[in-house]
Amino acid sequence: MNKILFFLLFPFTIIQGQQSIDAPLNVILLIGDGMGLSQVTAGMYANKNQTVLEDFPVIGLSKTHALKNLVTDSAASGTAMACGEKTYNGVLGINSKNEKLQSVLEICEDNGYNSGLIVNSSIVHATPASFYANVSSRKLYEEIAIQLSESDVDYFIGGGKKYFNQREDGRNLIEEMNSIDVVKNFKKFQKSDAGKIGFFTYDEEPPSINDGREPVLGDYLSATLDKLDNREEPFFLMVEGSQIDWGGHANDIDYITSEFIEFNNAIGVALNFAKNNLNTLVIVTADHETGGLAIKMGKTKNFEIVASFNTLGHSATMVPVFSYGKFSKLFSGIYENTQIFHKIIEAIGVN
Ligand code: MG
Ligand code: ZN
C-alpha cells in the first residue's frame with residue numbers, strides 16, 4: 001500500500017505514533033530465563049491474577065532442545081535465538097562445525113541499527129553473551145568480557161564488573177573501553193548523552209530481589225528506550241529477566257514469582273513503547289523451563305499457590321512466545337527456537 005492511500009485509510013494510526021509504521025523496525029526481545037508456562041502462571045497469580053502478557057495478541061510455542069540434548073542450557077538456547085543455529089550445551093555463538101556465528105544484534109549493527117543489552121545477571125552470563133560472544137565455553141567469563149569490550153553494543157546494563165577490572169591477565173577493560181562511557185550509577189547512565197554507555201550494576205552476580213536487589217529492570221529499560229528513541233536509527237534491544245531461572249534451580253517459588261513480577265513490569269514498559277511507536281516489534285519468550293514446576297494446589301482467595309518441582313535443573317517442555325506490534329503475526333504457531341532469529345531477520349528485512 002502506498003503511503004498516501006495508507007494515510008487516507010488510517011490517518012489516526014499514523015498520527016498517533018511518534019514514528020510512522022513504515023519507519024525501520026525497532027525490536028525489543030525480552031527473555032525470561034527459565035520462564036516456562038508454569039512460571040508465567042505462578043507469577044501471574046502472585047501478581048493478583050494479572051500479567052501484562054494478557055495484552056499480547058499473538059502467542060506461539062518454541063522447541064528449546066539443544067543440538068544433541070533434549071534439555072538445553074542457556075548457552076545453546078541463547079545461541080539458537082540470537083544466531084539461528086542449534087549448538088552444543090555450554091557453547092556460545094559457535095555451531096557444530098566450529099564456525100563462528102553472527103548474532104541478530106550484530107547483523108542489526110551492520111545494517112545501521114543501534115543496540116542494547118539489559119540484564120539482571122552479570123553482563124557476561126550466557127544469555128546476554130550469546131548476542132555478542134563466540135566462545136567454546138560459557139564459563140570463559142574473562143574472554144567473554146573482552147569480546148563485549150570489542151563489540152558494537154551501544155548500551156549495556158548488568159553485573160559482573162570484576163570480569164573487566166579484576167582480571168587474571170591484569171588488564172583493565174574499563175580503561176581500555178575508551179569509546180564507551182562506563183558510568184558509576186544509574187543517575188549517571190540517565191544523564192550521559194554518550195553514544196555508547198555501559199553501567200555495571202554489581203561487581204559480581206546481582207543478588208535476587210528477595211535478597212535486596214531493587215526491582216528496577218523496567219526503569220533501566222525505560223531510560224535506555226529514551227536514549228534509543230532520541231537517535232535517528234532503529235534499534236535492537238534484548239532485556240533479560242535472568243533470575244527466574246535461578247529461582248527454578250533453587251526450587252523456590254517465591255524467588256520465581258518475585259523475579260517474574262519485576263520482569264512483568266519491564267515487559268509493560270516495552271509494551272507501552274510499542275503502543276506509542278508503531279514501527280516496533282516486542283517479543284517475550286524464554287530460553288527453557290527450569291525446575292519442572294507444577295502448580296498442584298491453590299485457592300482463588302488471594303491466589304495462593306502450592307508449587308512442586310521435578311528437577312533442580314532445566315526441563316525440555318516447550319516455552320511460550322508472546323508477541324506484539326508490527327510483524328508480530330510471524331511468531332504464531334509451533335517452531336524451533338532457532339526460528340526466533342530467522343523471524344526477527346525476516347521482520348527487519350535484512351540479510
Ligand atoms: Mg540467562
Ligand atoms: Zn538454568
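Counting convention: from 1, in listed order, for ligands and their atoms alike. All figures in this text were calculated on a predicted structure; none of them were measured in a lab.
Counting only residues at least two apart or on different chains, no salt bridge (Lys or Arg N to Asp or Glu O under 4.0 Å) pair has a member in residues 287-300.
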Step by step, work out the salt bridge (charged side-chain N to carboxylate O under 4.0 Å, His left out) result for K86 and E336.
CA-CA 9 Å; K86 299 272 187 183; E336 299 290 344; 2.9 Å; yes
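Contact annotation: the side chain of S151 never approaches that of E106 to less than 4.5 Å [non-hydrogen atoms, C-beta and beyond].
Summarising the geometry, atom CG belonging to L293 is positioned 11.5 Å from atom CD1 belonging to I244; distances are rounded to the nearest 0.5 Å.
The distance cut-off of 2.8 Å around the Zn ion (ligand 2) captures these protein N, O or S atoms, sorted by chain and number: D245 OD1, D245 OD2, H249 NE2, H314 NE2. Protein N/O/S atoms found under 2.8 Å from the Mg ion (ligand 1): D33 OD2, T127 OG1, E240 OE2.
Only one option out of V284, I283, I118, L237 pairs with L30 in a side chain to side chain contact (heavy atoms under 4.5 Å, CB included); it is V284.
E214 CD: 12 or fewer foreign heavy atoms inside a 6.0 Å radius.
A side-chain donor from one of H314 and D245 sits under 3.5 Å from a side-chain acceptor of the other.
A donor-acceptor distance shorter than 3.5 angstrom exists from the side chain of D73 to the backbone of A76, with no hydrogens or angles considered.
V71 belongs to no hydrophobic cluster, as no Ile, Leu, Val, Met, Phe, Trp or Tyr side chain comes under 4.5 Å of its own.
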